[in-house]
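Since the structure comes first, as structure tokens, the remarks are kept for the end.
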2 protein chains.
Amino acid sequence: MSAQELPNMARQIRGGSMLTARYSAASNRLLDGLPPRKRDRFLAECTLVDLALGNILYERGDLIRHVYFPVDSSVSMLAVIDRDRTALEVGMVGSEGMCGHALVLGSDVTPLRALVQGAGTSWRMKAPTFRRQLENVPALHHLLWRYVGVLFGQLAQAAACTRFHVVEQRLARWLLMTQDRSRADSFEVTQEFLAFMLGIRRVSVTIAAGSLQSRRLIRYRRGRIVILNRGRLEAAACSCYRTDLQIYQDGLGARSKFQRALLARATKEGTP
Amino acid sequence: MSAQELPNMARQIRGGSMLTARYSAASNRLLDGLPPRKRDRFLAECTLVDLALGNILYERGDLIRHVYFPVDSSVSMLAVIDRDRTALEVGMVGSEGMCGHALVLGSDVTPLRALVQGAGTSWRMKAPTFRRQLENVPALHHLLWRYVGVLFGQLAQAAACTRFHVVEQRLARWLLMTQDRSRADSFEVTQEFLAFMLGIRRVSVTIAAGSLQSRRLIRYRRGRIVILNRGRLEAAACSCYRTDLQIYQDGLGARSKFQRALLARATKEGTP
DNA sequence: CGCGCTATGTGCGTTGTCGGACAGACGACC
DNA sequence: GGTCGTCTGTCCGACAACGCACATAGCGCG
């Protein structure tokens with residue numbers, strides 16, 4: 001866990017609308033589900049940190065020391081089996097979510113590895129502080145319960161998706177999910193890394209990515225992928241992409257306009 | 001949801017040690033994690049019902065009307081994709097758990113189908129009553145949080161297992177898990193049904209089950225499977241069986257001697 | 001007893017992915 | 001401008017599981 005710390009904005013510019021303005025440029029959409037004043041009080045206890053590609057926030061079975069609320073970074077949750085050699089991504093967390101959900105359920109060890117797959121910034125809070133916040137701010141606890149419920153549903157979806165859908169569809173879905181979280185049309189990722197996330201061989205990624213590229217849905221070279229045609233990429237992905245958005249909407253939708261917009265677009269543009 | 005109701009024991013024989021004695025024959029091991037008096041008060045609000053093979057307790061997206069605490073029945077949690085045609089078992093609930101976990105997280109719809117895969121009895125409580133109990137009995141809420149955390153970990157494990165392990169190992173694991181929950185050496189299940197749960201073809205089950213039978217680990221005929229040699233069956237299963245027990249232990253272990261005993265036995269007898 | 005339903009067993013070619021090995025190609029850095 | 005490490009592309013055979021079709025066998029029921 002080698003996250004470099006950035007200046008603690010929250011402590012430096014306490015309270016008031018200026019604070020809110022600054023946050024909007026560094027916001028976590030899940031926390032935006034809180035009433036603004038509660039959210040600001042919560043963020044005042046956080047530190048803004050930089051997450052680098054490949055950082056491991058938690059190893060399976062670790063004690064949780066911090067919780068994370070990504071801003072423009074994204075984190076993969078990996079199920080690890082066979083003595084840590086093999087892993088499979090079972091969930092993705094970006095600015096719509098949080099890492100360290102076990103604390104929300106009163107446990108302090110995590111069953112999953114958390115790996116930074118998209119570099120960027122994230123709010124971070126110490127576990128004891130977080131626990132106190134949960135106790136003192138029922139609205140926070142309720143919000144995060146629901147988020148854990150969403151994660152649960154998305155995890156189940158990922159399990160079935162991995163079983164039934166072919167590599168190319170899954171790759172397309174992964175790219176869409178990552179784009180949603182990174183807030184950019186292109187991002188750094190090698191085929192090797194992708195293969196690891198999807199639990200497949202690098203060669204399989206080469207083939208699937210090559211197919212998507214030849215159809216001009218994406219373009220890539222040496223560790224960088226560009227999304228060229230999002231609409232058609234959504235059509236190339238399995239329905240699980242849209243289902244994931246739906247699950248989020250069902251669980252937290254009343255609180256997040258962002259996901260609703262994504263969903264509306266996906267439903268409009270995509271061809272099933 | 002055609003669960004036939006049995007006489008409501010709880011209301012008929014209220015309070016006292018006699019009640020406890022009767023419950024021990026019809027107990028849910030998860031609820032046994034509560035202090036006895038709290039557990040008894042909780043069960044007094046429950047009805048003992050009969051769950052028949054194939055009953056669907058919840059369909060995905062359904063409003064949850066009841067929660068279930070199985071006694072000797074077991075229930076599969078299924079992730080449903082592609083418009084309800086395809087499904088995959090992502091979790092199993094028996095007397096060590098509960099169905100309707102979404103309520104614990106403050107949601108009232110369930111993201112998974114719940115299907116009775118082992119006939120038997122179960123405690124049942126109406127959702128509004130359950131919600132009231134959660135509010136009024138913090139110990140209950142804490143216990144069930146932890147259980148949801150356990151389910152979460154087991155779900156992730158199942159996802160990776162399904163991806164990486166071969167059919168025969170997964171079948172062995174399924175049989176062990178079912179035996180743990182049914183409290184019997186043999187149970188009713190067809191290959192067709194098994195195939196559905198594991199997300200594979202019936203023919204693949206025929207082959208895998210045939211292999212296990214020829215090695216005298218199990219015996220079966222026309223919808224009934226008998227476990228002949230548990231120790232060797234554990235050796236034939238993937239490590240995920242033991243990991244599942246470990247996850248339960250880590251999350252709820254201090255409260256459940258039962259799982260600890262199973263785990264000890266698995267670790268002793270099994271050959272990795 | 002035999003009918004019919006359902007559960008189980010077998011055959012075939014096909015497909016998706018695997019594992020390993022190696023060749024080319026980009027780009028950072030000296 | 002050349003070198004080297006890393007990323008990407010292509011080949012091979014192998015195999016688990018697939019889909020489909022059809023054959024056999026247990027068991028309840030009239």
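Here is the naming used below: chain letters follow the sequence lines, and residue numbers restart at 1 for every chain. Remember, it's a predicted structure, so these values are computed and weren't measured experimentally. Hydrogens, waters and symmetry mates play no part in the numbers below; they use all other heavy atoms, side chains included.
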With sequence neighbours excluded, give me every salt bridge (charged side-chain N to carboxylate O under 4.0 Å, His left out) pair touching residues 191-202 of chain A.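 Qualifying pairs: none.
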Residues in salt bridge (charged side-chain N to carboxylate O under 4.0 Å, His left out) with B:E188, at least two apart?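 Salt bridge (charged side-chain N to carboxylate O under 4.0 Å, His left out) list for B:E188, sorted by chain: B:R224.
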Residues that B:R173 engages under salt bridge (charged side-chain N to carboxylate O under 4.0 Å, His left out), provided they are two or more places apart: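 Result, salt bridge (charged side-chain N to carboxylate O under 4.0 Å, His left out) vs B:R173: B:D244.
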Between B:Q213 and B:Y220 (side chain of the first, backbone of the second, donor and acceptor by atom type, cut-off under 3.5 Å), is there such a pair?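 Pair found, side chain donor or acceptor close to backbone of B:Y220.
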Could you list the residues that satisfy side-chain hydrogen bond (donor to acceptor under 3.5 Å, both in side chains) with [X], not counting sequence neighbours?
X	value
B:Q154	none
B:R163	none
A:E168	A:S211, A:R215
B:N229	none

At a heavy-atom distance below 4.0 Å, which nucleotide of DNA chain C is the first touched by chain B, and which is the last?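 The contact span of chain B on DNA chain C goes from C:dT6 to C:dC18.
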What integer distance in Å separates A:E188:CD from D:dT8:C1'?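 One finds 15 Å between C1' of D:dT8 and CD of A:E188, rounded.
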Whole angstroms only, please: what is the CZ-P distance between A:F193 and D:dC7?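 Answer to the nearest Å: 12 Å.
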What string of B, S and - do you get for nucleotides 13-24 of chain D, 5' to 3', if B is base contact, S is sugar-phosphate-only contact and - is no contact with any protein heavy atom under 4.0 Å? ----SBBB----
Set of ring pair (Phe, Tyr, Trp, His ring centres under 6.0 Å) partners for A:F69, sequence neighbours left out: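 Scan of A:F69 (ring pair (Phe, Tyr, Trp, His ring centres under 6.0 Å), adjacent residues dropped) gives A:F42.
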Pairing residues for A:V167 by the side chain to side chain contact (heavy atoms under 4.5 Å, CB included) criterion, not counting sequence neighbours: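 Checked A:V167 against side chain to side chain contact (heavy atoms under 4.5 Å, CB included); matches are A:I200, A:A208.
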Please work out which residues in residues 213-227 of chain B have a non-hydrogen atom less than 4.0 Å from an atom of DNA chain C and list them by number.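 Correct list: B:Y220, B:R222, B:G223.
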